[in-house]
S.K.: 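Take a look at the following structure, please.
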Amino acid sequence: MVAIELLSEVIALGAKASAFTFRERPGFPELLRHGYIREMGFVQSVVCEECDWPHDAELVFDTNRYGYFCPTLGFLEPERASLTGLYTDLQAVVSGLANAFGCKRCKSSPVHGETWRIGALPSEGGDISLYLHPTLLDEKDAMAVLSALAREVSTPYSLVLTAAGTLPLPNTKTVLLSDVIGLAPDQSGFSVLSDPREIVEVPRKNPGGAPNRYKGILEPLIQSRIEDGSALLGRNEEAQAIQSILNSRDTIDKMPSLPSIKSYVTKARAGE
């Protein structure tokens with residue numbers, strides 16, 4: 001989870017970041033080893049903290065030196081290690097996601113702009129098209145995604161993964177990358193935490209068949225945390241706490257997805 005949050009942070013920046021800023025963060029070596037992030041070249045700008053008024057400054061090459069100009073102190077030359085650039089290899093990320101989900105009809109280049117098609121995932125109700133867009137924080141992001149989706153063959157369901165923001169889109173579900181993906185402990189790459197079929201709410205063919213296997217596990221746990229006052233205020237935070245508790249148990253064959261846990265938390269708080 002920590003590594004994916006770091007990856008999401010770098011993706012959301014949208015431009016080349018400073019490797020120096022992230023190099024000591026947990027998860028950095030794993031992301032670098034898988035090729036999801038890469039160190040290359042130099043950053044485009046730096047923050048000058050040498051004068052009384054910290055400010056952004058463009059990195060320039062002057063008299064065989066890399067540095068920047070400060071209105072107060074003139075040309076300054078930071079340590080070379082702090083200037084190394086860091087960027088996300090989105091092609092490698094999309095390929096890793098496609099492998100983790102077992103997608104078909106993958107695409108190795110963006111559909112349009114910054115929107116990538118991860119691939120299609122079969123379900124009982126028809127194919128689910130999976131996409132990745134760096135952020136869904138505002139109307140500009142939403143219009144960019146919708147413009148890309150308009151170029152795609154329509155499928156019964158579509159799901160857009162983002163590094164930051166889950167602004168609602170018509171006829172499309174949106175979810176944070178960190179809510180559905182982790183890094184596999186066997187170092188094979190991404191691992192799936194939440195089933196896209198559950199996120200887009202694909203109807204089951206036999207809803208009256210087998211009983212809900214998670215009800216007897218989740219409802220008592222959620223209710224007990226509410227009653228003893230240990231439940232966290234935020235729904236997402238509480239669902240993640242419950243998921244951590246279940247992960248520590250070795251008596252559960254198959255773990256409920258994070259969206260499923262959130263649904264149970266919502267119902268419990270509504271008194272259902």
Side-chain angles (χ1 to χ4, degrees), residues 1-50 54-62 64-70 75-100 106-111 113-118 131-138 140-141 144-145 160-166 175-185 187-191 193:
M1 183 70 74
V2 173
I4 302 303
E5 289 175 349
L6 173 58
L7 176 63
S8 296
E9 191 174 337
V10 178
I11 292 175
L13 286 174
K16 192 178 290 184
S18 169
F20 182 78
T21 304
F22 295 93
R23 197 173 285 130
E24 300 302 319
R25 296 268 296 273
F28 185 92
E30 291 80 4
L31 294 173
L32 201 64
R33 182 168 56 249
H34 287 298
Y36 300 144
I37 57 175
R38 299 182 186 276
E39 294 188 37
M40 183 178 293
F42 296 96
V43 295
Q44 296 173 331
S45 64
V46 296
V47 177
C48 175
E49 297 180 336
E50 301 298 323
H55 57 91
D56 289 329
E58 182 183 1
L59 183 70
V60 296
F61 186 70
D62 184 71
N64 296 319
R65 297 178 299 167
Y66 281 99
Y68 62 92
F69 286 98
C70 172
F75 186 80
L76 298 176
E77 185 178 6
E79 291 185 15
R80 191 68 172 258
S82 68
L83 302 179
T84 304
L86 178 71
Y87 77 99
T88 310
D89 188 337
L90 285 178
Q91 186 176 22
V93 171
V94 170
S95 177
L97 292 172
N99 290 334
C106 310
K107 197 174 190 304
S108 59
S109 60
V111 173
E114 296 183 286
T115 304
W116 295 70
R117 185 207 307 149
I118 300 168
Y131 298 91
L132 175 70
H133 191 81
T135 61
L136 255 177
L137 296 168
D138 53 31
K140 181 180 178 182
D141 287 338
V145 174
V160 177
L161 280 58
T162 81
T166 55
V175 66
L176 290 176
L177 188 67
S178 58
D179 280 347
V180 294
I181 285 292
L183 276 186
Q187 300 185 2
S188 61
F190 292 126
S191 63
L193 302 178

S.K.: To the nearest 0.5 Å, what is the distance between CD1 on Ile11 and OG1 on Thr135?
M.R.: 10.5 Å
S.K.: Kindly check if the number of other-residue, nucleotide or ligand heavy atoms within 6.0 Å of CD (Glu114) is above 12?
M.R.: no
S.K.: Quick one, Phe190 and Leu183 - any side-chain contact, counting heavy atoms below 4.5 Å?
M.R.: yes
S.K.: Search all heavy atoms of Ala163 against all heavy atoms of Ala12 and return the closest pair with its distance.
M.R.: CB-N, 4.0 Å
S.K.: Would you say the side-chain atoms of Ser95 pair up with the backbone N or O of Gln91, donor to acceptor, closer than 3.5 Å?
M.R.: no
S.K.: Starting at CZ of Arg117, measure out to OG of Ser109 and round the result to the nearest 0.5 Å.
M.R.: 8.5 Å
S.K.: Quick one: pull up CG in Leu86 and CZ in Phe28 and give me the separation to the nearest 0.5 Å.
M.R.: 5.0 Å
S.K.: Please tell me if the side chains of Thr166 and Leu136 come closer than 4.5 Å, counting only heavy atoms from C-beta onward.
M.R.: no
S.K.: Quick one: are Leu132 and Thr162 in side-chain contact, heavy atoms under 4.5 Å?
M.R.: no
S.K.: How long is the straight-line distance from OG of Ser178 back to CG of Leu6, given to the nearest 0.5 Å?
M.R.: 12.0 Å
S.K.: Report yes if some heavy atom in the side chain of Val160 is under 4.5 Å from a heavy atom in the side chain of Thr115; otherwise report no.
M.R.: no
S.K.: Between Gly27 and Ala3, what is the shortest heavy-atom contact and its length?
M.R.: CA-CB, 3.9 Å
S.K.: How many angstroms lie between CG in Leu161 and CH2 in Trp116, if you round to the nearest 0.5 Å?
M.R.: 14.5 Å
S.K.: Looking only at non-hydrogen atoms, find the nearest pair between His133 and Val145 and report the distance.
M.R.: CG-CG2, 3.5 Å
